[in-house]
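Have a look at this one.
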Protein chains: 2
Amino acid sequence: MDEAAHLFVVQGFDGTSLRTIANTVGMKAGSLYYHFDSKNALLEAILNKGIAVMVEAFDQAQAQPHATAFDRFQSHVRAHLGALYENGPYTAAHVTTFRTAPPEVRDAIVPIRDSYEAKWTTLLHQLVEDGTLAADTPIGLARLILFGAMNTSIEWFDASQGTLDNLAQVISRQFLTGFGTGDTQ
Amino acid sequence: MDEAAHLFVVQGFDGTSLRTIANTVGMKAGSLYYHFDSKNALLEAILNKGIAVMVEAFDQAQAQPHATAFDRFQSHVRAHLGALYENGPYTAAHVTTFRTAPPEVRDAIVPIRDSYEAKWTTLLHQLVEDGTLAADTPIGLARLILFGAMNTSIEWFDASQGTLDNLAQVISRQFLTGFGTGDTQ
DNA sequence: AACCGTACCTAACGGCCGTTAGTTTGGCAA
DNA sequence: TTGCCAAACTAACGGCCGTTAGGTACGGTT
């Protein structure tokens, strides 16, 4: 699954054959069917694990003590980025292959996916309540914009050029205060 | 090309066969070779057109008069979103298929892609110089975060639930001032 | 009337695809 | 020692893939 998820990230689901996956782990294609019912089932398992990794990272961040509301928020951003880059290729595979996954697979994943998104919605609501986020923040849109910033880092983040801690800080700060000076508008 | 680009967005490049494309436009697969040398060449043409559409939208926004620096910025955001949703499926196809495109195709596209990114880099530099963006803004990172927010809207934007004008306004405002109140940090 | 180029079609090629049925291997348990 | 079961293997199936060679229809030009 590790190798399959990695290949899915690089080549896409349809661009990766079972023979390629099997060959990468020193097997033959048919042998994969001892472990998975089908290629779709393999993808489904990977997508699920991708969510599980994100959820675990989120819950760990939740459990930690934080000095300020901003620290708490930044810790969650860091956790999401950690799920993308530090805990196997599952979350990355989820983010990159979900949109074009076969409908049956997508439909099976959606409910679990929703539960992760709900955690973020709750978090953002709390930040509104304690005055960290503006009262008129469009929570749904805000979450999607934040996800966009975090997830598309897959296309350009290079660990040799910057740390995840730094990226988490930049994204968190940007999300709350923006890059502007406030001089206009 | 219209239909092919649309199918690439929905099913991915590898997930779309030439027979499917041909069938959609009332042709046979072999006939496509009168117009394109190969499937890769078709993709390359689509990706190029995707950039051309973005560039044209950018230049049109550039040519318009604007009351404030913020208006100018928002106008460019709106232009990019317009390229994604209002001028055919080419830009959307570019954004969604570029990462997993065959290396030869990607390599051929990169230089043209860079030219579009350079336009944004220049714009952001100007915003720093006129005091709209903070002097210590990490331009490169800022552009990628902005692109992330705009481009991943493909996964969730629904024209029946919100206008592009509104989305452009939310993204622009968020980019400059954030969603926070400024009470923490 | 003869010709030409454009735009398609037909039919097939070799090759890879996901999948399956049946078989082999090797370690552990009885 | 025998039996069992997990974990692989082999070999093939039908089917779809990108691609190609050669043919056909047809409007416009000479």
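Every value quoted in this text rests on a predicted model; they were computed, and no experiment measured them. These numbers come from the heavy atoms of this one structure, side chains and all, not from hydrogens, waters or symmetry mates. Every chain is numbered from 1 and lettered A, B, ... according to where its sequence line falls, protein lines coming before strand lines.
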What is the separation between atom CG on A:L18 and atom C1' on C:dT19, rounded to the nearest whole Å?
9 Å
Could you tell me how the ring of B:W120 sits relative to the ring of B:F58: parallel (under 30°), tilted (30 to 60°) or perpendicular (over 60°)?
perpendicular
B:T177 side chain vs A:G178 backbone, donor-acceptor pair below 3.5 Å:
no
What is the distance, to the nearest angstrom, from the CZ atom on B:R19 to the C1' atom on D:dC17?
6 Å
Across nucleotides 3-8 of chain C, 5' to 3', mark each nucleotide with B, S or - according to how protein heavy atoms within less than 4.0 Å reach it.
---SBS
Separation of D:dT10 atom C1' from A:L32 atom CG, nearest Å, is 15 Å
A:K39 atom NZ is separated from C:dT19 atom C1', nearest whole Å, by 12 Å
Treating Ile, Leu, Val, Met, Phe, Trp and Tyr as nodes and any side-chain heavy-atom pair under 4.5 angstrom as an edge, say whether A:L84 and A:I46 lie in one connected cluster.
yes
Check whether any side-chain N or O of A:S17 sits under 4.0 Å from OP1 or OP2 of C:dC16, and answer yes or no.
no
CA sep, side-chain torsions, deciding dist, call: B:H66, B:F73, ring pair (Phe, Tyr, Trp, His ring centres under 6.0 Å):
CA-CA 9 Å; B:H66 296 289; B:F73 176 71; over 10 Å; no
Separation of D:dC17 P from B:F13 CZ (nearest whole Å):
13 Å
With clusters defined by side-chain heavy atoms of hydrophobic residues (ILVMFWY) lying less than 4.5 Å apart, directly or transitively, does B:F175 cluster with A:M150?
yes
Rounding to a whole Å, what distance do you find between B:D14:CG and C:dG18:P?
11 Å
Classify B:T16 by what it touches in the nucleic acid, base, sugar-phosphate, or nothing, heavy-atom distance under 4.0 Å.
sugar-phosphate
Taking A:R78 first and then A:E86, would you say they form a salt bridge - that is, a charged N and a carboxylate O separated by under 4.0 Å?
yes
Whole Å only: how far is the CG atom of B:D37 from the C1' atom of D:dA21?
16 Å
Starting at atom CG of B:L7, determine the distance to atom P of D:dC17, rounded to an integer number of angstrom.
12 Å
